[in-house]
Amino acid sequence: MWQATFTKLGQTLLVLLLVSVASFSFLKLAPGDPVTIMLGSDYSKASYDQLTQELGLDQPVIVQYGHWLANFVQGDWGTSYITNQNIFELAVFQALPVTLTLAAFSLLIALVIGIPTGVMAALYRNSWVDVLATTLAIGGNAFPSFYLGIILIWVFGVGLGWFPTLGFVAPWDDFWQGMWHLALPAITLGAWYVGLIARITRSSLLEVMGQPYILAAKARGEPGWRVVWVHGMRNVLMPLVTVIGLQLGGMLRGAVMTEVVFSLPGLGMMITSAVLNREYIVIQAGIMLTGVLFVVLNLMVDQTYQFLDPRLRRRK
Amino acid sequence: MNQVSVLAQNIPVESSAEAPLLEVRDFSLRRKKATVLDRITLSLNPGETLGLIGESGAGKSTLAMALIGLLRAPEVEIEGSLRFRGTELTALKEADFRRLRGNKIGLIFQDATAALNPCFTVGKQIAEPLRRHLGLSASACRARAVELMQSVGIPEPRLRLDAYPHELSGGMQQRVMIAIALACNPELLLADEPTSALDVTIQAQIMELILDRVRALNSSAIFVLHDLALGAQVCDRIAVMYAGQIVEEGPSECVLNAPLHPYTQGLKSCVVELGMPTLTPIPGQIPPLDAMPNGCRFAPRCPKAQAICGEQRPEAHTRDERQVACWFID
Ligand SMILES: Nc1ncnc2c1ncn2[C@@H]1O[C@H](COP(=O)(O)OP(=O)(O)O)[C@@H](O)[C@H]1O
Ligand code: SF4
Ligand SMILES: [Mg+2]
């Protein structure tokens, strides 16, 4: 058990190290000289050398990396050339909560729709319910999510005027306004997940319902709904969490796309506009933060899995 | 045993001493046109134990599952009658049948490891029938679960209550299974090869435990076994099944010592010769369900088969206390 934890911890650190090297080299490899960019078009040789020295760019690369990593860990991520904003604040306090809210809300929608659909498809397999659910699942997966987003904006935002088409209101400031603004983006991002969750629920439940312990629950006189939703679904949770974990990358990618389509000021939007403005240090921060987020979410999924499966829990 | 008698008082006694607890009459079960059980007839008195003996695939588990109502599905066709305490089970509504399951009829599965839900503690699983059928409160359930675990020989039941199935050995898991099946003092216990998944060293011990508990509760029991000698030793009566039919049924000593049906004779000689049971004691195997012979289903393997055996199905004769389905009884 402890060995597994240490192995996991080691892996995590290694991944974070790789992410940091990747985003550090990104800045090094990026076209353009950061000193020139910072000084603008008119500068003297003296001021150029001074800034180079101030930025530590005259040092060996490995030292530069060490400096950069130390600064990063301390939350000293620099200042945006364009908005003069503290990048740490921009990324962690402004963009990250938006992305997390969007992802969580989408996942919630996907679970609320996907699980019952999958259960119905499994219970009435090969009936029209199953066919419909499977079609929706495959459709939801195949349909490009930015396209769905545009259709939703078009129909429910512009056409019917039921929902706002862009912008973000934090649900913790104004819950209903927040939900209202998040509805279309969350449906867009969630739609892609619904099919996956429905499919996994269906196939896992079919497998679980064939297990002797389900028959044993029935033999104890448990009613049908409890057999499915308690004895069956409790065992479906584990594969479900596994798949959610495996698709985290897809979720983050989808979030970037959705944020751009709906102009939500999240991490995706931050990175995209930084790319357009060639603000390399913002891009770098975005890559680092996304990497850390991915690793942390993965650890959370792992912990959830350990918690859900009694066979993996430590004996008291 | 005192906790058992306290609970026994709550159970209304509907069956009089003479009436059989269970009466199966001409019961047939078909799956996709294949006759898995063919005109099964047997009866069981209160307190009596019956051994269902036969090779793998004979339909023993199917009969046990049908008796506890777990084969009530559109794709399973049923004919004939199953009477339990005078109630016709085949006509029972699902909600009413559910009240019998785990309550008046208990079932012990062959493989306890697979039959216990890995995600729930054993205490929870033992408590389920107590709560559902006896309506005990959560604390009463726990107290009763501890008593039950004690009665099936689980040491330190209070500690084991919150254990998950994987934390117990196979033998302990089967004891939990037994505790669950007996939780509500069933009048009929079905045990489907209750020891065949266990280590040989504890098989006799677990069998003895089940018998002890059945006697203590004065329940009737049907043991599914594939060892004729063990069945005769453990049960009052024996029913030998072959290819979905009961070929011979009667008191244990008679069936074991003086088998009338050629199939039973084959089972017995194998036991005597080898000193241990084997899965296919007689050359050949049960024909597939979709290619059953028209006449006697045993004819292709029977050393005594005559022309008529291949043409006409032998009806069950009653001889003394026995029924035998064979054209040529010595
Ligand atoms: N779920 C099922 N679907 C179709 N056929 C089955 C099913 N379960 C059992 N059978 C068939 O029914 C017959 C009897 O099986 P079973 O009752 O398990 O025999 P036994 O318990 O005596 O070994 C076998 O031919 C088996 O193939
Ligand atoms: S009826 Fe014929 S084939 Fe069948 S068991 Fe008797 S002798 Fe053998
Ligand atoms: Mg069987």
Side-chain angles (χ1 to χ4, degrees), chain A residues 1 4 115 119-120 122-130 200-201 204-243 303-316, chain B residues 61 64-65 67-73 94-122 124-134 159 162-167 173 176-177 179-181 183-184 186 189-190 192 197:
Chain A
M1 177 71 197
I115 289 178
V119 170
M120 287 302 139
L123 292 185
Y124 304 101
R125 77 172 161 290
N126 302 331
S127 74
W128 65 270
V129 185
D130 188 17
I200 296 302
T201 305
S204 306
L205 188 60
L206 278 177
E207 201 207 311
V208 165
M209 291 304 280
Q211 297 295 315
Y213 56 77
I214 291 296
L215 211 54
K218 289 182 186 164
R220 265 175 256 157
E222 288 289 287
W225 66 268
R226 257 186 73 90
V227 171
V228 172
W229 287 99
V230 178
H231 298 268
M233 283 309 283
R234 179 63 182 77
N235 286 278
V236 169
L237 284 184
M238 278 98 66
L240 208 52
V241 166
T242 306
V243 165
Q303 286 312 110
T304 312
Y305 193 92
Q306 302 242 336
F307 171 77
L308 283 177
D309 192 341
R311 285 159 293 195
L312 298 178
R313 255 180 256 165
R314 217 148 30 101
R315 282 179 86 150
K316 277 173 278 180
Chain B
S61 300
M65 289 296 162
L67 284 174
I68 201 169
L70 290 179
L71 291 177
R72 295 154 65 93
E94 175 58 20
D96 294 325
F97 210 138
R98 216 178 59 221
R99 270 176 218 124
L100 294 176
R101 274 183 219 131
N103 185 16
K104 302 280 180 247
I105 306 177
L107 175 62
I108 298 174
F109 284 79
Q110 178 174 356
D111 183 359
T113 311
L116 290 171
N117 196 320
C119 291
F120 296 106
T121 62
V122 296
K124 244 196 175 126
Q125 297 186 59
I126 297 175
E128 253 171 4
L130 298 170
R131 170 160 267 186
R132 183 142 312 276
H133 300 301
L134 307 181
L159 292 179
D162 295 317
Y164 285 91
H166 74 275
E167 296 172 311
Q173 288 173 345
V176 169
M177 217 45 262
I180 293 172
C184 299
L189 176 73
L190 308 169
D192 190 352

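Protein chains get the first letters and strands the later ones, always in sequence-line order, with residue 1 at the start of each. When reading the values below, keep in mind they use all heavy atoms of this one structure, side chains included, and skip hydrogens, waters and symmetry mates. Model, not experiment: these values are computed from the prediction.
Contacts between A/V230 and chain B at a heavy-atom distance below 4.5 Å involve backbone atoms as well as side-chain atoms. Residue B/F97 does not touch chain A at all, counting heavy-atom pairs closer than 4.5 Å. For B/L116, the part lying under 4.5 angstrom from a heavy atom of chain A is the backbone only. Contact annotation for B/E94: neither backbone nor side-chain heavy atoms come within less than 4.5 Å of a heavy atom of chain A.
Across A/Y213 and A/N235, no two heavy atoms sit closer than the pair OH-CG, 3.3 Å.
For A/R234, the salt bridge (charged side-chain N to carboxylate O under 4.0 Å, His left out) test picks out no residue, with sequence neighbours left out. The side-chain hydrogen bond (donor to acceptor under 3.5 Å, both in side chains) check on A/R125 picks up nothing, with sequence neighbours excluded.
Interface remark: of the candidates B/A163, B/P129, B/A181, B/P129 forms the most heavy-atom pairs closer than 4.5 Å to chain A.
Residues A/E207 and A/Q211 are in side-chain contact: their nearest non-hydrogen atoms beyond the backbone lie under 4.5 Å apart. Between B/S61 and B/Q110 the shortest side-chain heavy-atom distance does not fall below 4.5 Å.
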